[in-house]
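Just so we're on the same page: letters track the sequence lines, and every chain starts at 1.
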Amino acid sequence: MPNMSLKKNEMPSQAPDVRNKNFNEVALGYELSQALDEAERCLNCKKSPCVSGCPVGIRIPEFIAKIRENDFEGAYQVINKDSSLPAVCGRVCPQESQCEQKCVRGVKGEPVGIGRLERFVADWHNANVTASPEKPEPNGHKVAVIGSGPSGLTCAGDLAKKGYDVTIFEALHKAGGVLVYGIPEFRLPKAIVQKEVDGLKALGVKVETNVVIGKTVTIDELFDMGFESVFIGSGAGLPSFMKIPGENLKGVYSANEFLTRSNLMKAYRPDSYTPIKKNDNVIVVGGGNVAMDAARSALRLGAKNVYIVYRRSEEELPARREEVEHAKEEGIIFKLLNNPVKINGDENGFVKSVTCLKQELGEPDASGRRSPHPVPGSEFDIEADCVIMSIGTSPNPLIKSTTPGLESNRKGCIVADEATGKTSREHVYAGGDAVTGAATVILAMGAGKAAAKAIDEDLMG
Amino acid sequence: MYKILRKENLNPTVTLMEIDAPLIARKAEPGQFIILRVNEDGERIPLTIADFDREKGTVTIIFQIVGATTELLNAKNQGEYIEDFVGPLGKESELEGLKKVCVVGGGVGNAIAYPVAKKLHNLDAEVTVIAGFKNKDLVILEDQYEAITDHFVKMSDEGNWGEKGLVTDALRKLLEAGEQFDEVIAIGPVIMMKFVCALTKQFGVKTVISMNPIMVDGTGMCGACRLTVGGETKFACVDGPDFDGHQVDFDEAMSRLTMYRDFERQAHDHVCNLLKMEVK
């Protein structure tokens with residue numbers, strides 16, 4: 001008999017007033033008993049709508065059935081057929097708008113905690129299985145993957161499993177892309193990312209750090225070096241700013257810079273050589289997951305007050321519900337329906353305050369969201385010594401400016417076929433944020449997976 | 001890991017290192033820079049490429065010991081390794097077609113000005129170099145400059161090397177005497193570049209400067225290196241580091257360089273103490 005409880009097993013977590021002072025992981029993961037109990041909530045429906053909600057098509061009821069049988073490694077193997085980063089996805093996927101949204105149990109009550117179960121299985125595997133996977137028989141074909149973020153790691157993993165000789169080129173000194181420079185330790189411990197990268201290396205994937213494709217080596221040179229196909233997974237790098245007065249004052253960061261200093265360069269540790277400004281009052285502009293990450297990092301770095309300033313209302317916040325709830329519990333102050341118009345500095349060029357204008361919502365715009373309009377005469381100042389702009393990014397121009405014939409659109413995103421990742425250049429594929437603009441880890445993984453399949457079909461015909 | 005093939009102390013505070021980096025040497029051009037990390041857990045710092053040898057596969061950097069990271073770098077010896085070394089980053093200096101150029105270098109900025117002057121010389125341009133240092137003990141690259149310049153003007157604050165005075169004094173003299181340059185290229189402290197630009201603006205001479213702001217990734221990802229050029233925000237790492245000097249907001253750039261001054265001072269003291277302990 002399935003477990004008919006209307007609620008998911010709750011995720012054990014660090015208490016809000018404890019975790020907002022440390023960088024350890026917030027969610028602690030299911031205990032064995034909770035995982036077994038939650039697995040009993042799955043009805044194992046024939047139609048499995050959950051699977052259609054997963055961008056990489058993980059066979060969800062099948063892996064949950066293995067949990068019920070206490071066969072956790074078996075469950076891992078089921079997931080591993082479709083996803084190369086289960087420990088990552090179990091943590092950062094927006095399950096509520098994907099698999100869990102389609103779950104039949106969600107019609108009445110809460111859906112099955114699929115993400116939490118995925119994480120349980122991946123963590124069980126990482127803790128208990130040390131044997132490295134068998135290296136597949138080489139097929140003699142060389143493929144280059146640009147960028148070691150979610151799309152690149154997935155594409156490389158899928159191809160390596162088929163016997164391809166894969167080399168990943170990474171511009172930074174550490175592999176992982178946004179998983180190491182962007183997403184904070186308290187949401188995704190870096191040891192987990194390292195484990196996934198090590199897993200790929202065990203499959204024979206080579207990782208060349210400190211190589212900027214478009215600068216150190218161009219795509220045409222990769223072909224000269226003997227690579228037969230190239231996958232571009234370079235991400236959406238370039239941070240956007242608001243173009244308001246005062247944005248170049250000291251204490252104004254892009255979210256990319258603030259998070260890179262804290263995550264990749266470990267500026268939150270007292271022994272780090274990389275500086276990060278110590279602040280009392282921090283304003284984060286924007287309402288996405290990155291804004292939540294920046295705000296919660298600022299709090300952990302010792303800020304007294306951290307504000308999210310967002311021009312629409314709570315309903316339109318693009319961040320995951322769970323992240324917003326976590327941020328609120330930790331004490332982040334939400335200043336919704338407000339938009340900064342000016343950043344004010346002191347006599348030494350440091351940020352002193354931000355002038356905001358209240359907003360009201362009008363009719364839905366092209367994006368389907370109600371568009372904000374300023375309320376005349378509603379200016380007010382918020383005291384702040386740090387402002388973090390988290391209003392999006394656009395793709396890095398280094399590759400497209402050095403690759404003749406590679407088509408990109410008006411926004412600078414590389415044009416690629418959604419189903420195959422094929423670009424306007426023969427044997428060049430692309431996926432992830434470089435194609436879509438800033439999106440999610442799992443969508444990037446889906447694109448890496450699709451491209452790996454297309455590359456395989458192309459080369460093996 | 002990148003091997004230090006040669007290390008030379010150019011003066012008490014400035015060191016040259018020739019690094020084994022064949023991929024970068026293959027592509028490097030004057031005006032471009034690299035980013036390095038001395039050790040695991042080290043800071044990423046940008047340094048402009050001072051020279052390169054495509055055959056040998058080496059890239060030369062010249063740096064002044066100003067903070068914790070350069071102190072740690074200077075503690076490395078010939079035959080040892082640097083953890084990370086990535087490049088060439090930024091756009092190369094646009095030098096083709098210039099016939100008569102004045103290159104102005106201030107202090108350790110001469111390390112960056114030299115490869116620019118050398119390439120101009122190789123392109124058959126008439127090259128005047130005005131090099132300025134605090135005093136004769138801090139002079140670098142004197143012989144190298146002699147070999148490639150048509151006119152070499154030496155200036156020092158203390159007057160014990162060349163003439164006493166600032167590089168702008170020498171440049172003003174040349175411009176007032178009616179020298180016509182296609183372009184002035186100024187590389188040095190921001191304050192020096194600011195005053196060179198103020199001067200050349202009066203004479204209507206196009207002036208290109210090379211910025212060296214705070215950076216993290218150096219590939220356009222973080223925006224730490226942004227500056228205002230002609231009223232627009234630019235990223236020095238991908239849009240520069242060379243810019244039209246008459247368009248740059250130098251006061252803002254100088255202010256931004258001081259963002260981490262307190263942290264840098266503490267980190268520097270900390271490293272100095274560590275290195276002293278190692279010596280004991």
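The shortest non-hydrogen separation linking B:Val86 to A:Ala171 is CG2-O, 3.9 Å. Here the shortest heavy-atom pairing between B:Val216 and A:Met265 reads CG1-CG, 4.3 Å. When all heavy atoms of B:Tyr260 and A:Pro275 are compared, the closest pair comes out as CD2-CB, 3.4 Å.
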Stepwise side chain to side chain contact (heavy atoms under 4.5 Å, CB included) check, A:Lys215 with B:Gln32: CA-CA 10 Å; A:Lys215 282 287 174 189; B:Gln32 292 188 297; 4.0 Å; yes
Derivation and outcome, side chain to side chain contact (heavy atoms under 4.5 Å, CB included), residues B:Ile35 and A:His173: CA-CA 10 Å; B:Ile35 290 230; A:His173 56 262; over 6 Å; no
Residue pair B:Met221, A:Tyr181: steps toward the side chain to side chain contact (heavy atoms under 4.5 Å, CB included) verdict: CA-CA 10 Å; B:Met221 198 186 81; A:Tyr181 77 72; 3.8 Å; yes
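Ranked by heavy-atom pairs under 4.5 Å with chain A, the first of B:Gly218, B:Gly223, B:Gly90 is B:Gly90. If you tally non-hydrogen atom pairs under 4.5 Å between each of B:Ile24, B:Thr219, B:Ile45, B:Asn39 and chain A, the highest count goes to B:Thr219. With chain B as the partner, the residue from A:Ser272, A:Pro239, A:Gly349 showing the most heavy-atom pairs under 4.5 Å is A:Pro239. The most heavy-atom pairs under 4.5 Å with chain B, out of A:Val211, A:Val212, A:Asn210, A:Thr274, come from A:Asn210.
In this structure, A:Lys278 places its NZ atom where more than 12 heavy-atom neighbours from other residues, nucleotides or ligands lie under 6.0 Å away. More than 12 heavy atoms of other shown residues, nucleotides or ligands fall within 6.0 angstrom of atom CD in B:Gln78. Within a 6.0 Å radius of NZ in A:Lys342, no more than 12 heavy atoms belonging to other residues, nucleotides or ligands are found. Heavy atoms from other residues, nucleotides or ligands lying under 6.0 Å from CD of B:Glu94 number 12 at most. Applying the 6.0 Å contact sphere to NZ of B:Lys76 captures more than 12 heavy atoms from other residues, nucleotides or ligands.
Listed in order of number, the residues of residues 388-400 of chain A that approach chain B to under 4.5 Å between heavy atoms are A:Asn396, A:Leu398. Against chain B, the residues from residues 245-264 of chain A that qualify, each with a non-hydrogen atom under 4.5 angstrom away, are A:Glu247, A:Asn248, A:Leu249, A:Lys250, A:Gly251, A:Val252, A:Tyr253, A:Ser254, A:Asn256, A:Glu257, A:Thr260, A:Arg261 in number order.
Using a 4.5 Å cut-off between heavy atoms, B:Arg256 contacts chain A through both its backbone and its side chain. Within the 4.5 angstrom heavy-atom criterion, no atom of A:Glu208 approaches chain B. The contact between B:Ala68 and chain A is made entirely by side chain atoms (from C-beta outward), counting heavy-atom distances below 4.5 Å. Proximity to chain B (any heavy atom under 4.5 Å) is shown, for A:Thr218, by both the backbone and the side chain. If you measure heavy-atom distances from B:Arg26 to chain A, the contacts under 4.5 Å come from the side chain alone. Neither the backbone nor the side chain of A:Asp271 comes within less than 4.5 Å of any heavy atom of chain B.
Salt bridge annotation for B:Glu40-A:Lys174: absent, with no cationic side-chain nitrogen under 4.0 angstrom from a carboxylate oxygen.
Paired with A:Tyr273 under the rule side-chain contact (heavy atoms from CB on, under 4.5 Å), one option of B:Leu72, B:Val38, B:Asp41 passes, and it is B:Leu72.
The backbone N or O of B:Gly87 lies less than 3.5 Å from a partner atom in the side chain of A:Thr216, making a donor-acceptor pair.
At least one side-chain heavy atom of A:Leu238 sits under 4.5 Å from a side-chain heavy atom of B:Phe235.
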